[in-house]
Amino acid sequence: MSLYEQYPLSVYNSLTKKKEKFVPITPGRVGMYVCGPTVYSDVHLGNVRTFTTFDGFFRYFRYMGYKVRYVRNITDVGHLVGDADEGEDKIAKKARLDALEPMEVVQKYTNGFHDVMKIFNALSPSIEPTATGHIVEQIEAIKTIIDNGYAYEKAGSVYFNVRKYNEDFKYGELSGRNVDDMLSNTRALAGQDQKNDPLDFALWKKAESGHLMHWPSPWSEGFPGWHLECSAMSTKYLGQTFDIHGGGMDLKFPHHEAEIAQNKGCNHEGGARYWVHGNMLTVNGRKMAKSEGNGFTPEELITGNHKLLERGYSPMTVRFFMLQSHYASTLDFSNAALQAAEKGNKKLMASLALIEKLAAPGTGAVNAEKSAELKTSIEDALRNLSDDFNTAKALASLFEVGTKINTWYQNPAELAVIDPEVFAFAIQHFKGIISEVLGLVPEDADSTDSSLLDGTLNVLIELRNQAKFSKNYALSDKIRDDLKNIGVQLKDEKGGATSYTID
RNA sequence: GAACAUGUAGCCAAAUUGGUAAGGCAGAAGUCUGCAAAACUUCUAACUGCGGGUUCGAAUCCCGCCAUGUUCUCCA
């Protein structure tokens with residue numbers, strides 16, 4: 001029996017606004033599409049949070065025994081600056097400003113995006129399709145939508161007819177907007193705009209002269225509308241109807257609403273059955289934005305090189321910090337909160353490392369009650385993950401297990417009464433959840449010179465022990481204090497051995 | 001102006017198919033230690049933004065207000 005059958009997943013579905021049992025279309029398999037970044041500038045921390053969230057979903061599904069196809073796109077065309085209809089393509093604009101080929105811009109920031117994802121230990125998706133690589137599919141989708149009567153051409157551009165669509169389907173079902181009101185409140189435009197209706201959105205835009213990115217189509221030399229790529233690529237790789245669609249809360253309207261309309265405009269049904277939205281990031285209670293001057297980059301967060309940061313925080317500290325809140329809640333960055341997360345993460349990882357040093361369980365008479373308690377803790381962690389991916393709650397259970405591990409290390413008699421089978425089960429999932437689901441890994445100092453460093457430290461530890469033995473505490477404390485000042489913490493263990501940790 | 005969220009101890013944050021409030025950090029005491037560090041044990045701390053209502057019972061549902069966030073619209 002697989003883990004997902006033992007601990008079935010419930011997920012909050014933005015479409016129905018309810019927490020629902022997750023039942024995949026094909027038993028044992030999950031198809032998940034997540035809106036990826038637009039690669040025209042460096043990734044920001046909000047991206048990191050969203051993709052960390054869905055990395056967690058991906059990892060969770062795999063751990064629970066599902067086969068997963070995780071598709072996360074790269075938007076490398078068609079995302080307009082400013083007004084949805086009149087702005088310039090973000091990537092084309094950046095390319096023009098820097099006198100680069102658009103694809104140079106795309107490559108540069110795609111690489112940067114991958115680097116950052118790697119630093120935060122996010123796995124690569126199964127497929128990472130690009131919009132420019134799927135122009136053909138997008139053109140085909142537009143043709144179908146026109147044939148179905150939900151789009152019209154105007155001067156080489158094609159627009160989605162929201163009013164017509166809303167007669168047959170319901171536009172606004174995801175974002176909860178009353179589109180009937182929005183439609184009846186808007187009058188026909190006075191000719192400046194090509195669109196018949198302000199709510200209509202572009203499926204294909206004719207390229208102005210000088211526009212850098214354009215492709216031939218039945219309607220004009222131009223480029224696809226921003227929303228279309230996700231419909232085309234999710235359908236191509238996951239099918240007309242698929243399991244999960246994820247993205248940031250800010251994409252709900254109009255992007256995801258348009259996606260649903262395009263899918264149904266094409267296939268009369270379809271799109272994702274479960275919509276999952278991650279929430280936003282704030283800094284000291286304010287939204288992270290350029291205008292607020294509080295938008296530090298992932299690099300600045302790690303190095304601490306920003307006026308709002310007292311110091312740097314490691315990628316795993318940040319990851320732990322994000323996991324300590326629920327993905328659907330806003331998360332507030334502050335120095336105090338990050339420092340708390342740093343300590344918490346360290347504590348958990350220390351317990352994890354201690355497992356190797358534990359004595360054998362169950363060498364004495366097994367205490368059924370204590371064994372059951374252990375089992376409950378680890379099962380709670382699994383249940384909590386299955387409860388709408390509640391990593392915060394799961395971590396609480398993991399801390400309970402961590403405390404037990406620490407106790408067993410100090411007092412092996414406590415471990416002697418634990419049922420070995422329960423112990424093995426608990427340890428397996430304690431390790432598994434932390435490293436495989438949550439993606440938290442130990443952050444050692446560079447391992448390049450580790451043997452040299454280890455040897456050097458052992459010499460110092462030996463010298464200090466000699467000083468201690470001769471009760472020269474002034475010297476022994478000086479060695480310890482000086483090492484602490486450069487980031488090495490010595491710990492005198494119970495048996496007389498001395499260990500060290502490096503910050 | 002509107003839609004949708006959110007508002008829980010000093011800080012972060014979980015619990016939202018209603019049944020008297022997880023966890024992490026910080027704080028206090030104790031155990032261990034030559035002293036520390038770490039760990040362990042115990043303790044401290046929340047009338048769940050404000051005001052009403054429904055209910056035997058509400059953080060959880062309803063109404064009003066305030067604040068914050070996301071998005072949209074209008075105006076410039």
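For clarity, every value in this text was computed on a predicted model and none was experimentally measured. Lettering follows sequence order; numbering is per chain, from 1.
Within residues 43-58 of chain A, no residue places a heavy atom under 4.0 Å from RNA chain B. Near-neighbour residues of RNA chain B inside residues 405-413 of chain A, defined by a heavy atom below 4.0 Å, number-ordered: Asn406(A), Thr407(A), Gln410(A).
For residues 381-401 of chain A, the pairs satisfying ring pair (Phe, Tyr, Trp, His ring centres under 6.0 Å) are Phe57(A)-Phe389(A), with sequence neighbours left out. Note on residues 251-264 of chain A: pairs passing salt bridge (charged side-chain N to carboxylate O under 4.0 Å, His left out), not counting sequence neighbours, are Glu173(A)-Lys264(A). Contacts classified as salt bridge (charged side-chain N to carboxylate O under 4.0 Å, His left out) and involving residues 372-387 of chain A (residues at least two apart or in different chains) are given here: Lys19(A)-Asp387(A), Glu373(A)-Lys404(A), Asp380(A)-Arg383(A), Asp387(A)-Lys393(A).
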All N/O contacts under 3.5 Å from nucleotides 15-23 of chain B to the protein, with atom names and distances to one decimal?
residue : atom : partner   : partner atom : Å
rA15(B) : OP1  : Asn390(A) : ND2          : 2.8

Restricting both atoms to N or O, compile the protein contacts to nucleotides 30-34 of chain B shorter than 3.5 Å, with distance only.
residue : atom : partner   : partner atom : Å
rG34(B) : N1   : Asp477(A) : OD1          : 3.0
rG34(B) : N2   : Asp477(A) : OD2          : 2.8

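For Lys347(A), taking side-chain heavy atoms from C-beta onward, the closest of the listed nucleotides rU70(B), rA5(B), rG24(B) is rG24(B).
Residues Phe113(A) and Phe51(A) bring their aromatic ring centres within 6.0 Å. For His227(A) and Phe201(A), the gap between ring centers is short of 6.0 Å.
Of all nucleotides present, none satisfies the Watson-Crick or G-U wobble test against rU60(B) with each distance under 3.5 Å. When both pairing distances are held under 3.5 Å, rU33(B) makes no Watson-Crick or G-U pair with any nucleotide shown. Summarising the base pairing, rA15(B) is matched to no nucleotide, lacking a Watson-Crick or G-U wobble pair whose two defining distances lie under 3.5 Å. rA45(B) is unpaired under the criterion used here, namely a Watson-Crick or G-U wobble arrangement in which both key atom distances are under 3.5 Å. Remark: rG7(B) base-pairs with rC66(B); criterion is Watson-Crick or G-U wobble with both hydrogen-bond distances under 3.5 Å. Nucleotide rU20(B) is matched to nothing when pairs are restricted to Watson-Crick or G-U wobble geometry with both distances under 3.5 angstrom. Pairing for rA26(B) is absent, judged as Watson-Crick or G-U wobble with the two contacts each under 3.5 Å. Shown here, rU73(B) forms no base pair; nothing in the strands shown gives a Watson-Crick or G-U wobble contact with both key distances under 3.5 Å.
No donor-acceptor pair closer than 3.5 Å links the side chain of Ser325(A) to the backbone N or O of Phe321(A).
Every residue was checked against the ring pair (Phe, Tyr, Trp, His ring centres under 6.0 Å) condition with Phe320(A), not counting sequence neighbours, and none meets it. With sequence neighbours excluded, no residue forms a ring pair (Phe, Tyr, Trp, His ring centres under 6.0 Å) with Tyr7(A). Scanning for ring pair (Phe, Tyr, Trp, His ring centres under 6.0 Å) contacts around Tyr409(A) gives an empty result, with sequence neighbours left out. Remark: Tyr313(A) pairs with no residue by the ring pair (Phe, Tyr, Trp, His ring centres under 6.0 Å) rule, at least two apart or across chains. Remark: Ser314(A) pairs with Met316(A), Thr317(A), Glu443(A) by the side chain to side chain contact (heavy atoms under 4.5 Å, CB included) rule, at least two apart or across chains.
Among all heavy-atom pairs drawn from Val401(A) and Ser377(A), the shortest one is CG2-CB, 3.7 Å.
Rounded to whole Å, the P atom of rA9(B) lies 27 Å from the corresponding atom of rC4(B). Between rA14(B) and rG53(B), the distance separating the two C1' atoms is 28 Å to the nearest Å.
Among the atoms of the strands shown, base atoms are found under 4.0 Å from some heavy atom of Lys491(A). Residue-level contact check: Phe321(A) touches the backbone only, with heavy atoms under 4.0 Å from sugar-phosphate atoms and none from bases. Across all strands, Leu398(A) comes closer than 4.0 Å to no nucleic acid atom at all (heavy-atom distances).
Between Tyr12(A) and Ser351(A), the residue anchored nearer the 5' end of RNA chain B, judged by the nucleotide with its closest heavy atom, is Tyr12(A).
The neighbour count for Lys18(A) NZ, taken as heavy atoms of other residues, nucleotides or ligands under 6.0 Å away, does not exceed 12. Dense packing is recorded around NZ of Lys170(A), with more than 12 heavy atoms of other residues, nucleotides or ligands lying under 6.0 Å away.
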